[in-house]
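In this text, all values refer to a predicted model and were calculated from it rather than measured experimentally.
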Amino acid sequence: MRKHVGFFLGTVAGACLTLLVASPQGAHLFAVANAAAHSDNTYSQLNLFGEVFEKVKTDYVEKPEDSKLVEGAINGMISSLDPHSRYMNEKGWAEMQETTHGEFGGLGIEVTMEDGFVKVVAPIDDTPASRAGIMSGDVITSIDDDQIQGMTLDQAVNKMKGAPNSSIRLKIVRKDADKPIELSITREIIRVRPVKYHVEGGDIGYIRITSFNEQTTEGLHKAIAEIQKEIPQDKLAGYVVDLRNNPGGLLDQAVSVTSTLMQRGEVVSTRGRNPEETQRFTAHGGDMTKGKPMVVLINGGSASASEIVAGALHDHKRATLIGTRSFGKGSVQTIIPLGAGNGALALTTARYFTPSGHSIQALGIKPDIEVLQDVPDEFKTRSELKGEASMRGHLAAEGAEQTGSQSYVPPDEKNDKALAAAFNQLRGVTVNADAKNADKAAQKRPVPN
């Protein structure tokens, strides 16, 4: 069975989920619901649905498609449960599988929506987008002569995806350019690289994990191996693992990532409606970092699988958490394929808990050291995510719910206060909880020990 935790940003976009792909044997999850369907009240409600369905078919001003009516009814039923349960038609199910595999036909750009247009966050190295000269900050106004304004981000992203070797035309507005730029680009298979890394100052390994797809653990292993080649073990002060604005992904990847960073112990447990449905996931495989000190960066955009990794490393005292409170997405969705051509159902079936028994749902994970960034005026209205607790219909927290946490990460590392605090922590510089003296401490630059 397969679990997935997260929403994915870039040329793919999605919902914050923890997902378990169920086999046909997963039908036992619905045994109780099936039994209840025999009650008179349920039959009465089903009769009401049938009556409404027939009225719409016969009396609506235009003849509706039966398949659209049924899909709309299913969507309404599932979306009324909580923000993360949803029905995926055949196309939606295929797109989710693309996301978790980390491969899709497209251009290779990370994008966001701004003022009704698609704005390029960054082109991915060695992709059609980067080779065509697309730059960070470019605004895409039309795709194949279709105006983007009025589309959702998902719609625009799906329009940019397509079969490898197919072409696409983009119109781009670039700051300081006299007129819009028109480009024709050929799509390729894009392999999302969820792990980026570099050596900082000759003594610290920095690892950024952007999502948890099928490539993440392999990417992490490569990152650690390359860092250890560059830095002798006696000079390696430690690692920074950056999980900020990481929306999550596959749960088995969250478990294997945690296993790569600590020797042994429980990573996460999931608890469903019935006690017998409780599952525990433990670390396996050993600590590739060889016990070196570690700092994990989190913020308001760190959700689901990211919270699982951060919570486990924190509870086992394997890492210090720096940043701001995480998103608070602590529920598990089971993906149930519905047969050929029928798509799949993502249904909330459990909550997950950190090794200490802490429920993350609508609470999030609080960092050991809170560091707030200096946010430019133009980003201040969008620098804070309201979190799980602000989502309509969310599962209630086990305690006082927490909403709102800063999610802004400065694009230039030299302005990143949380990152500076992490480097100082690993180099033995005292980091104040309010990080007011982080800049002064950064200037001391003691000799690594």
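At least one side-chain heavy atom of Trp93 sits under 4.5 Å from a side-chain heavy atom of Pro337. Using a 4.5 Å heavy-atom threshold, the side chains of Ile185 and Ile134 count as touching. Side-chain contact between Lys222 and Tyr197 is present, with heavy atoms from C-beta onward closer than 4.5 Å. Looking only at side-chain heavy atoms (C-beta outward), Val240 and Leu426 come within less than 4.5 Å of each other. The closest side-chain heavy-atom distance from Thr270 to Thr278 is not below 4.5 Å. No side-chain heavy atom of Glu388 sits less than 4.5 Å from a side-chain heavy atom of Glu401. Counting only heavy atoms from C-beta outward, the side chains of Phe212 and Ser306 approach each other to under 4.5 Å. The side-chain heavy atoms of Gln373 and Asp416, taken from C-beta on, include a pair separated by under 4.5 Å.
Scored by the side chain to side chain contact (heavy atoms under 4.5 Å, CB included) test, Ser130 finds Pro123, Thr127 as partners (sequence neighbours excluded). Annotation: side-chain hydrogen bond (donor to acceptor under 3.5 Å, both in side chains) contacts of Thr324 (sequence neighbours excluded): Ser405. Residues passing the side-chain hydrogen bond (donor to acceptor under 3.5 Å, both in side chains) test with Asn165: none are found, sequence neighbours excluded. Not counting sequence neighbours, Gln402 has no partner by the side-chain hydrogen bond (donor to acceptor under 3.5 Å, both in side chains) test. Under the rule for a side chain to side chain contact (heavy atoms under 4.5 Å, CB included), the partners of Ser259 that lie at least two apart in sequence or sit in another chain are Val255, Ala283, His284.
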>> Does His84 form a side chain to side chain contact (heavy atoms under 4.5 Å, CB included) with Ser331? I'd like the steps, not just the answer.
In response: CA-CA 8 Å; His84 305 297; Ser331 61; 3.9 Å; yes
>> Does Asp146 form a side chain to side chain contact (heavy atoms under 4.5 Å, CB included) with Lys159? I'd like the steps, not just the answer.
In response: CA-CA 10 Å; Asp146 290 337; Lys159 196 169 181 62; 2.9 Å; yes
>> side chain to side chain contact (heavy atoms under 4.5 Å, CB included), that's the test. Do Met262 and His316 meet it? Break it down for me.
In response: CA-CA 9 Å; Met262 73 181 198; His316 287 287; 3.4 Å; yes
>> I'd like to know whether Glu230 forms a salt bridge (charged side-chain N to carboxylate O under 4.0 Å, His left out) with Lys235, so could you lay out the CA-CA distance, the side-chain angles of the two residues, the decisive distance to 0.1 Å, and finally the verdict.
In response: CA-CA 10 Å; Glu230 291 189 48; Lys235 297 186 182 299; over 6 Å; no
> What do the steps show when you test Gln147 against Ser142 for side chain to side chain donor-acceptor pair (under 3.5 Å), and what is the final call?
Replying inline: CA-CA 4 Å; Gln147 294 298 313; Ser142 72; 4.6 Å; no
> Would Asn158 and Gln155 count as a side chain to side chain donor-acceptor pair (under 3.5 Å) if you check the C-alpha gap in whole Å, the side-chain angles of each, and the deciding distance to 0.1 Å?
Replying inline: CA-CA 5 Å; Asn158 289 334; Gln155 289 170 334; over 6 Å; no
>> For Lys119 and Asp138: C-alpha separation, side-chain torsions, deciding distance, then whether salt bridge (charged side-chain N to carboxylate O under 4.0 Å, His left out) applies.
In response: CA-CA 6 Å; Lys119 186 174 183 178; Asp138 283 351; over 6 Å; no
> Are Asn245 and Asn299 close enough, and set up right, to give a side chain to side chain donor-acceptor pair (under 3.5 Å), and what steps lead you there?
Replying inline: CA-CA 7 Å; Asn245 294 333; Asn299 68 2; 3.3 Å; yes
> What's the verdict on side chain to side chain donor-acceptor pair (under 3.5 Å) for Thr217 and Ser256, showing C-alpha distance, side-chain angles and the deciding distance?
Replying inline: CA-CA 6 Å; Thr217 300; Ser256 59; 2.5 Å; yes
> side chain to side chain contact (heavy atoms under 4.5 Å, CB included) between Leu347 and Leu81: does it pass, once the steps are laid out?
Replying inline: CA-CA 9 Å; Leu347 189 69; Leu81 299 174; 3.6 Å; yes
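Between Ile143 and Ile140 the shortest heavy-atom distance is CG1-CG2, 4.3 Å. The minimum heavy-atom distance between Ala303 and Phe327, with the atom names listed, is CB-CB, 3.7 Å. Between Gly219 and Val195, the shortest heavy-atom contact is O-CG1, 3.7 Å. Across all non-hydrogen atoms, the minimal contact from Tyr87 to Asn342 is OH-O, 2.8 Å. In terms of heavy-atom proximity, Leu107 sits nearest to Arg187 at CD2-CG, 3.9 Å. Contact between Ala362 and Leu395 at its shortest, heavy atoms only, is CB-O, 4.2 Å.
Without hydrogens or angle criteria, Arg208 side chain to Asp242 main chain gives a donor-acceptor distance under 3.5 Å. In this structure a side-chain-to-backbone donor-acceptor pair under 3.5 Å is missing from Ser359 to Glu398. In this structure, the side chain of Arg325 engages the main chain of Leu363 through a donor-acceptor pair within 3.5 Å. Side chain of Thr210 to backbone of Pro194: a donor-acceptor contact under 3.5 angstrom is found. In this structure, the side chain of Glu307 engages the main chain of Lys329 through a donor-acceptor pair within 3.5 Å. With hydrogens and angles disregarded, no donor-acceptor distance shorter than 3.5 Å links the side chain of Asp368 to the backbone of Thr320. In this structure, the side chain of Gln361 does not engage the main chain of Phe353 through any donor-acceptor pair within 3.5 Å. A donor-acceptor pair under 3.5 Å is formed between the side chain of Thr216 and the backbone N or O of Ser211. A donor-acceptor pair is defined here as one N or O able to donate and one able to accept, closer than 3.5 Å; such a pair exists between the side chain of Asp82 and the backbone of Ser85. Counting only distance, with no hydrogens or angles, the side chain of Asp144 and the backbone of Arg169 share a donor-acceptor pair below 3.5 Å.
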Could you pull out every donor-acceptor pair under 3.5 Å between side chains of residues 65-75 and any protein atom, sequence neighbours left out?
from: Asp66; atom 1: OD2; to: Lys57; atom 2: NZ; distance (Å): 3.4
from: Glu71; atom 1: OE2; to: Asn89; atom 2: ND2; distance (Å): 3.2
from: Asn75; atom 1: ND2; to: Glu71; atom 2: O; distance (Å): 3.2

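The local environment of CD in Glu413 is crowded, with over 12 non-hydrogen atoms from other residues, nucleotides or ligands closer than 6.0 Å. Within 6.0 Å of CD in Glu90 there are 12 or fewer heavy atoms belonging to other residues, nucleotides or ligands.
Ion pairing between a basic and an acidic side chain is recognised when a charged N comes within 4.0 Å of a carboxylate O; Asp287 and Arg318 show such pairing. For Glu188 and Arg131, the salt-bridge test passes: some basic side-chain N is under 4.0 Å from an acidic carboxylate O.
One finds the OH atom of Tyr239 at 7.0 Å from the CD1 atom of Ile231 (value rounded to the nearest 0.5 Å). Taking CD of Glu370 as the reference point, atom CG of Leu321 lies at 12.5 Å (rounded to 0.5 Å). Rounding to the nearest 0.5 Å gives a distance of 6.0 Å between CD1 of Ile360 and OG1 of Thr354.
Side-chain polar atoms of Thr260 and His221 form a donor-acceptor pair below 3.5 angstrom. In summary, the side chains of Arg244 and Ser302 do not present any donor paired with an acceptor at a separation below 3.5 Å, with no hydrogens or angles considered.
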